[in-house]
Amino acid sequence: MPCAYRPVLDKIRQAFPQPVSDRVHDSYFVHSIMRALDEVDALKSELPLLGQTSETDYEAARVASLEEKGVSLEEVTSRLVSYLRGMTIFGHPRTQQNVIQQPSIPSLIGGLLASLYNPNIAWDEYSRRVALAEVEVSAMTARLVGYDPGRAAGLFTFGGTGTTLYGVKMGLEKACPGTMTEGVRESAVLFASDAAHYCKYNVAGWLGLGTRNVVLVPTTPSNEMDLRELGRLARAALAEGRRIAAFVVTLGTTDAFGLDDLAGVVALRDTLVEEFRLPYRPHVHADAVIGWAWAVFNDYDIEANTLGFQRRTVRALAGACRRVRHLHLADSLGVDFHKTGFAPYVSSLILVRAQDDFHLLNRSPEQMPYLYHFGDYRPGMFTLETSRGGNGVLSALANLRLFGKEGLRVTLGHMVEMAQLLREHLEGHAATTVLNRDNFGTVTVFRVYPPGVDTFSVKHRELEDVGWRDSLLRHNEYNRRVYDYIHREAMAGRGVALSLTDCYRRTSYGEPVVGLKSFILSPFVDAEHVEDLVRQVLAAQVQIANS
Ligand SMILES: *Cc1c(COP(=O)(O)O)cnc(C)c1O
């Protein structure tokens with residue numbers, strides 16, 4: 001009987017990179033990728049979207065089933081490309097929605113190479129020099145933030161959330177030794193500001209600390225942790241006999257780029273150790289997934305300003321570095337190359353100042369009988385993950401090499417310059433006011449008011465005076481209408497796509513403040529896009545007045 005399956009197998013073999021060099025097949029491989037890129041390119045227009053958005057039919061998706069027969073590689077490609085229809089082009093200069101980037105070409109090639117040969121950086125036996133790349137990126141980043149690269153160590157993990165999970169887990173082991181084997185038996189708390197990312201709750205929940213044991217520290221109007229309140233809350237917790245699993249300090253909050261006073265928190269921690277004679281040193285984790293990149297300016301000569309930034313940009317950079325330069329004081333910190341490093345998802349690095357801290361997470365070798373018998377690099381002995389791909393590592397390394405310190409300074413500096421330009425325009429109009437004026441990133445949260453409102457005083461009154469609640473709520477609604485207008489226009493190819501934040505912060509009397517948010521993260525943004533946005537905001541005002 002002839003081998004009936006053979007023709008199918010032959011076809012499937014064609015769909016794999018060939019194990020032995022075959023130039024003809026290589027070009028088929030490259031051509032297949034080009035075909036996919038061509039099809040995507042055909043979706044581009046003036047809009048900051050690929051193709052058009054359309055109704056999504058989740059009901060139909062829910063009844064999908066595996067077909068009896070497969071289809072050709074070409075057909076698979078076209079079908080895959082169809083899933084990109086309606087996607088926002090995050091690198092488009094008319095997209096200023098959120099902290100999402102367009103990955104650079106080298107970072108994509110890094111990701112492709114890792115996908116192609118599938119290194120597993122759990123163990124150098126399975127990843128060889130890609131494991132080395134993880135060590136290199138960790139050392140480069142450690143040095144950048146001021147850690148001693150000889151003592152520090154780093155690991156790539158599953159997102160910024162993962163970096164905080166690692167930080168708090170190490171802190172928990174310090175505060176309550178043995179939780180890895182015995183579980184959490186004592187009451188332990190985690191401190192983070194009310195502007196810190198919500199992953200603090202995931203982390204507390206998943207580690208068994210419990211979300212109720214997240215102590216929210218109020219923030220000042222500059223969106224940074226109120227240190228005096230932190231001291232009061234921490235002393236109260238210790239006086240009740242609770243342990244401190246971690247202080248999570250945010251350098252670069254998601255909505256406003258608020259920067260906590262890390263040096264102040266570390267000093268407080270040291271004081272508390274003495275004051276309460278603690279048998280452990282509470283762990284300080286810096287959530288710097290957004291702010292880490294500003295470390296390239298730590299040694300930029302602000303006075304000489306050889307890159308020729310505007311003075312107000314230089315001031316903004318200095319304002320951020322004032323806090324970012326203390327990153328080396330944190331026991332651990334998180335870096336997202338997919339947030340402010342132009343790498344594709346997921347590319348997150350957890351760095352520890354002292355590599356021994358990772359060994360708080362060790363498992364016993366008997367639990368992993370089939371792995372790690374030899375080799376020089378075996379992070380799989382203590383990582384949460386088992387398999388870890390090399391994509392994040394190679395794409396981060398690609399960008400660190402591509403940009404160098406200078407390239408990162410230029411790109412970030414330009415984006416800050418554009419954000420400053422936007423602020424100048426917004427502050428220059430009677431109808432608009434910047435909410436996060438004291439935060440110096442590339443994100444601007446602002447509010448628009450109807451004609452005739454005195455924007456000089458209304459911002460503070462609405463934030464602090466309960467007598468102004470009605471005004472606040474009315475203007476919250478007004479800003480939603482401005483957002484709706486801007487969004488409709490952007491989807492029609494006019495102006496810039498922004499986002500809306502439902503709660504920039506709470507007023508002193510507990511109501512949320514709605515704001516419009518411009519997150520500039522595209523290297524392609526120029527003054528014309530900023531001016532378009534301002535025109536569009538003013539047009540929204542006129543349109544609402546006439547409706
Ligand atoms: C985005 C973000 C996170 C979560 O990071 P992921 O990579 O999305 O898991 C944590 N902290 C801050 C400040 C963030 O902006």
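Just follow the structure's listing: the first ligand is 1, and inside any ligand the first atom is 1.
- Close approach of ligand 1 to H338 (heavy-atom distance below 4.0 Å) involves ligand atoms 7 (O).
- Ranking protein heavy atoms by distance to atom 15 (O) of ligand 1, first place goes to T254 OG1, 2.9 Å.
- In terms of N/O distances under 3.5 Å, ligand 1 is approached by T161.
- Taking a cutoff of 4.0 Å between a charged side-chain nitrogen and a carboxylate oxygen, E134 and R388 qualify as a salt bridge.
- With contacts defined as side-chain heavy-atom distances shorter than 4.5 Å, the pair L426/R447 does not qualify.
- Counting the atoms of ligand 1 from 1 in the order shown, those under 4.0 Å from a heavy atom of G252 are 13 (C).
- Between I290 and ligand 1 there is a heavy-atom distance shorter than 4.0 Å.
- Looking from atom 11 (N) of ligand 1 to the surrounding protein, the closest heavy atom is D287 OD2, 2.6 Å.
- In this structure, A196 does not count as a contact residue of ligand 1, since none of its heavy atoms falls inside 4.0 Å of the ligand.
- Put simply, the residue from L43, T95, T88 that forms a side chain to side chain contact (heavy atoms under 4.5 Å, CB included) with L49 is T88.
- Only the side chain of D336 comes within contact range of ligand 1, with a heavy atom under 4.0 Å; no backbone atom does.
- Nearest to atom 1 (C) of ligand 1 among the protein's heavy atoms is K339 NZ, 1.5 Å.
- Using bins of under 30°, 30° to 60° and over 60° for the plane-to-plane angle, the ring pair F297/Y300 lands in the perpendicular bin.
- The contact set between ligand 1 and G159, taken as ligand atoms under 4.0 Å from a residue heavy atom, comprises 7 (O), 9 (O).
- Salt-bridge formation is not detected for the pair D357/K169: no Lys NZ or Arg NE/NH1/NH2 atom is positioned less than 4.0 Å from an Asp or Glu carboxylate oxygen.
- The shortest contact between atom 7 (O) of ligand 1 and any protein heavy atom is with G160 N, 2.7 Å.
- The shortest heavy-atom contact between H475 and E462 is ND1-OE2, 2.6 Å.
- Between Y126 and W123, the two ring planes are perpendicular [angle over 60°; tilted spans 30° to 60°].
- Using bins of under 30°, 30° to 60° and over 60° for the plane-to-plane angle, the ring pair F358/F382 lands in the parallel bin.
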